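Everything quoted here is computed from the prediction, not taken from an experiment.
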Amino acid sequence: MEKVQAQNVCFGYNGSRVLHEVSLTVETGCILSLLGPNGSGKTTLLKVLLGLYPPDSGQILLEGDPVSELTPRQLARKIAYVPQTHKMSFAYSVFDVVLMGRAPYTSIFSRYSKEDYDIAMETMDRLSITKLKDRIYTEVSGGERQLALIGRALAQGADTLVMDEPLTGLDYGNQIRLLECIKGLSCEGYTFIETTHFPDHALWISNRAVLMRQGRIVADGATQSVINEQAISDLYEKDIAILDVGNGVRTCMPRSLLDKQASACHSFDFQEAGDVSHSCFS
């Protein structure tokens with residue numbers, strides 16, 4: 001099923017064009033990674049997909065309906081934005097943050113219902129963050145805050161999540177936990193559209209990759225095909241090698257580092273090393 005479509009979208013700020021005839025289709029359960037250098041239009045495209053910026057031309061469809069014809073409440077029940085980890089102004093608990101996802105189902109003068117509270121708790125349990133229920137959001141780790149924001153999106157009822165560089169500022173362990181969470185949710189039918197500066201992360205979890213440069217899509221397709229040495233080298237204007245580390249897993253590395261490593265290995269005097277080793281243990 002087609003969840004999100006961009007059809008010949010153009011957009012600009014103050015008369016300066018940022019997106020040029022952008023078209024893409026995102027299927028249900030897809031993890032789509034947008035890659036490109038700074039200023040390529042990735043974040044702007046996310047905001048257009050979310051309906052925050054109306055396109056100058058073209059249109060965005062959400063489950064077949066034009067986003068321009070949906071009310072904010074209707075949009076919120078279908079698609080959710082998960083920002084980079086951030087600090088809120090007030091000392092909300094993690095539970096309060098997740099509960100905020102129920103706002104599209106309440107009126108401005110009504111309180112959250114028992115059903116809202118139950119959904120928030122079920123969502124936290126689903127993400128294994130129930131233990132954080134009473135913790136202050138601003139005092140938990142970056143990875144835990146990001147999971148809370150995903151929880152807020154799920155409590156919102158949306159099954160399409162848009163994420164702008166979700167791993168920014170997270171330590172390596174929390175990056176892995178968040179990637180595992182995204183992969184697991186996609187297997188349940190949730191759809192993800194995320195920007196990233198790390199081709200490795202796209203190779204690990206995405207089944208679709210879109211490469212952008214100067215407001216245009218320059219490649220779009222299956223991740224393992226789109227993210228190749230030539231395409232990534234051209235995109236970032238650096239010579240990049242892509243290594244197969246086994247079991248079909250690939251990783252990116254600057255070729256200059258590979259060359260230096262190879263040079264260091266060739267120039268290493270193993271006989272001299274053996275003499276030093278012998279003297280150390282004799």
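- The aromatic rings of Y117 and F95 lie parallel to each other, their planes meeting at an angle below 30°, with 60° marking the opposite boundary.
- Of the possible polar contacts, none joining the R216 side chain to the H20 backbone as a donor-acceptor pair under 3.5 Å is found.
- Remark: side-chain polar atoms of K42 are not paired, donor with acceptor, to backbone N or O of M212 under 3.5 angstrom.
- With salt bridges taken as basic N to acidic carboxylate O contacts below 4.0 Å, one links K3 and E63.
- Of the residues L178, L149, T196, the one that meets the side chain to side chain contact (heavy atoms under 4.5 Å, CB included) test with P166 is L178.
- Counting heavy atoms from C-beta on, the side chains of W204 and I31 never come closer than 4.5 Å.
- Side-chain N/O atoms of D134 and S93 include no donor and acceptor closer than 3.5 Å.
- Remark: the backbone N or O of G12 is paired with a side-chain donor or acceptor of D56 at under 3.5 angstrom.
- The main-chain N or O of A103 is found under 3.5 Å from a side-chain atom of T106 such that the two form a donor-acceptor pair.
- Residues L49 and I79 approach most closely at O-CD1, 4.2 Å, considering heavy atoms.
- Between F192 and I205 the shortest side-chain heavy-atom distance does not fall below 4.5 Å.
- No side-chain heavy atom of T191 sits less than 4.5 Å from a side-chain heavy atom of V4.
- Side chain to side chain, T195 and E165 fail the donor-acceptor criterion of an N or O pair below 3.5 Å.
- Two residues are said to be in side-chain contact when any heavy atoms from C-beta on lie closer than 4.5 Å; R213 and L235 meet this criterion.
- The aromatic rings of F11 and Y13 sit perpendicular, their planes meeting at an angle over 60°, well past the 30° parallel limit.
- The main-chain N or O of L32 is never found under 3.5 Å from a side-chain atom of S206 such that the two would form a donor-acceptor pair.
- For the pair S233 (side chain) and Q230 (backbone), a donor-acceptor distance under 3.5 Å is absent.
- Between the side chain of R135 and the backbone N or O of V94 there is no donor-acceptor pair closer than 3.5 Å.
- Counting only distance, with no hydrogens or angles, the side chain of D116 and the backbone of S113 share a donor-acceptor pair below 3.5 Å.
- The ring-ring contact (aromatic ring centres under 6.0 Å, His included) search around Y236 returns none, not counting sequence neighbours.
- The backbone N or O of C30 sits nowhere less than 3.5 Å from a side-chain atom of S186 that would complete a donor-acceptor pair.
- Looking at Q224 and L203, their side chains come closer than 4.5 Å, going by heavy atoms from C-beta outward.
- R77 places a side-chain N or O within donor-acceptor distance of the main-chain N or O of P104, the cut-off being under 3.5 Å.
- Counting non-hydrogen atoms of other residues, nucleotides and ligands closer than 6.0 Å to CD of E229 gives a total above 12.
- Crowding of E115 atom CD: a count of heavy atoms from other residues, nucleotides or ligands under 6.0 Å not exceeding 12.
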